[in-house]
Amino acid sequence: MNNLMTLFNQVNFLTLLWIFFFIFVLHEFEEWNIDRFERKHFVGLPPAATDRSARMWIFCVCLIGLTWILAATLPGQPALAAWIFLPAVAILIQNSLQHVYWTFFFKQTAPGVFTAAFLLIPYGSFLILRALHLGYVPLWYAAILLLFIAAGSIQTILAGSKMPPLIRGINEIGIWLAERIR
């Protein structure tokens, strides 16, 4: 483990962000069949949600992620990249915590839980700590990200088996895309 941490500490911060992006894409494809899980466990899933609409969202969010990582890293300034991309890291840590929570709450493996628990949460946490250590972001910035993660996690817990509004919105976007793209 120490050798792995030494390696990551030697890698350029912009490269570390790109590694996170590729882990994110892997996570999204682990969610390929999430519609069945949502249909089985959540109240409030839009009736028009399907595997296809979920997959349209997966492609859409991967394109959003690609745009985000490009905007963050193309200027070649690690501190600027940290300011721009760490909110995406926080969003994905929060989403990862949802997958872990749902696995325990519903007593069934939630699609995406493996990449969430073993890659996104630890690696995303490492990125935030690395950005702090390198002085790319101040402590108050990381604290705001942590508050966002906590607020989203609380919302998920309080929702129980009711579909959280953000996840419902994601489903609606997927449905909208599926209706327009053949």
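Basis for what follows: all heavy atoms, side chains included, without hydrogens, waters or symmetry-related copies. This chain uses plain numbering: 1 for the first residue, then up along the sequence.
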Closest non-hydrogen atoms of Ala81 and Ala72, given as atom of the first, atom of the second and distance, are CB-O, 3.1 Å
Value for CG (Leu70) from CZ (Phe85), rounded to nearest 0.5 Å, stands at 10.0 Å
Quick note, side chain to side chain donor-acceptor pair (under 3.5 Å) partners involving residues 142-159, not counting sequence neighbours, are Gln98-Thr156
Requested in this report: May I ask you to test the Leu134-Pro78 pair for a side-chain heavy-atom distance under 4.5 Å?
Outcome: no
Exercise answer: donor-acceptor pairs, residues 16-27 side-chain atoms, under 3.5 Å, sequence neighbours excluded:
| from | atom 1 | to | atom 2 | distance (Å) |
| --- | --- | --- | --- | --- |
| Trp18 | NE1 | Thr73 | OG1 | 3.0 |
| His27 | ND1 | Gly112 | O | 3.2 |
| His27 | ND1 | Thr115 | OG1 | 2.8 |
| His27 | NE2 | Glu31 | OE2 | 3.2 |
| His27 | NE2 | Asn95 | OD1 | 3.2 |

Discussion item. Using side-chain contact (heavy atoms from CB on, under 4.5 Å), reason through Phe114 and Glu30 one step at a time and then give a plain yes or no.
Written reply: CA-CA 8 Å; Phe114 295 109; Glu30 187 186 355; 3.3 Å; yes
Which pairs of donor and acceptor atoms, one on a side chain in residues 55-66, lie under 3.5 Å apart (sequence neighbours left out)?
| from | atom 1 | to | atom 2 | distance (Å) |
| --- | --- | --- | --- | --- |
| Arg55 | NE | Trp32 | O | 3.1 |
| Arg55 | NH2 | Asn33 | OD1 | 2.4 |

Value for CD (Gln94) from CD1 (Ile154), rounded to nearest 0.5 Å, stands at 10.5 Å
task = Answer yes or no: is there a donor N or O on one side and an acceptor on the other, between the side chain of Arg52 and the main chain of Ala178, under 3.5 Å?
result = yes
So CZ of Arg130 and CD1 of Ile128: to nearest 0.5 Å the spacing works out to 14.5 Å
When rounded to the nearest 0.5 Å, the distance separating CZ of Phe37 from NE2 of His99 is 9.0 Å
So the salt bridge (charged side-chain N to carboxylate O under 4.0 Å, His left out) pairs with at least one residue in residues 94-108 (sequence neighbours excluded) are none
Check your understanding: Any chance CZ of Phe29 has more than 12 other-residue heavy atoms, nucleotides or ligands included, within less than 6.0 Å?
Key -> yes
Contacts table for residues 135-150: side-chain donor-acceptor under 3.5 angstrom, sequence neighbours left out:
| from | atom 1 | to | atom 2 | distance (Å) |
| --- | --- | --- | --- | --- |
| Tyr141 | OH | Trp83 | O | 2.5 |

List, one per line, each side-chain donor-acceptor pair under 3.5 Å for residues 157-171, sequence neighbours excluded.
| from | atom 1 | to | atom 2 | distance (Å) |
| --- | --- | --- | --- | --- |
| Arg168 | NH1 | Gly44 | O | 2.1 |
| Asn171 | ND2 | Glu38 | OE1 | 3.4 |
| Asn171 | ND2 | Ile167 | O | 2.9 |

The reported gap from OG in Ser53 to CG in Asp35 (rounded to nearest 0.5 angstrom) is 6.0 Å
Separation between CG (Leu86) and CG (Leu92), nearest 0.5 Å, reads 11.5 Å
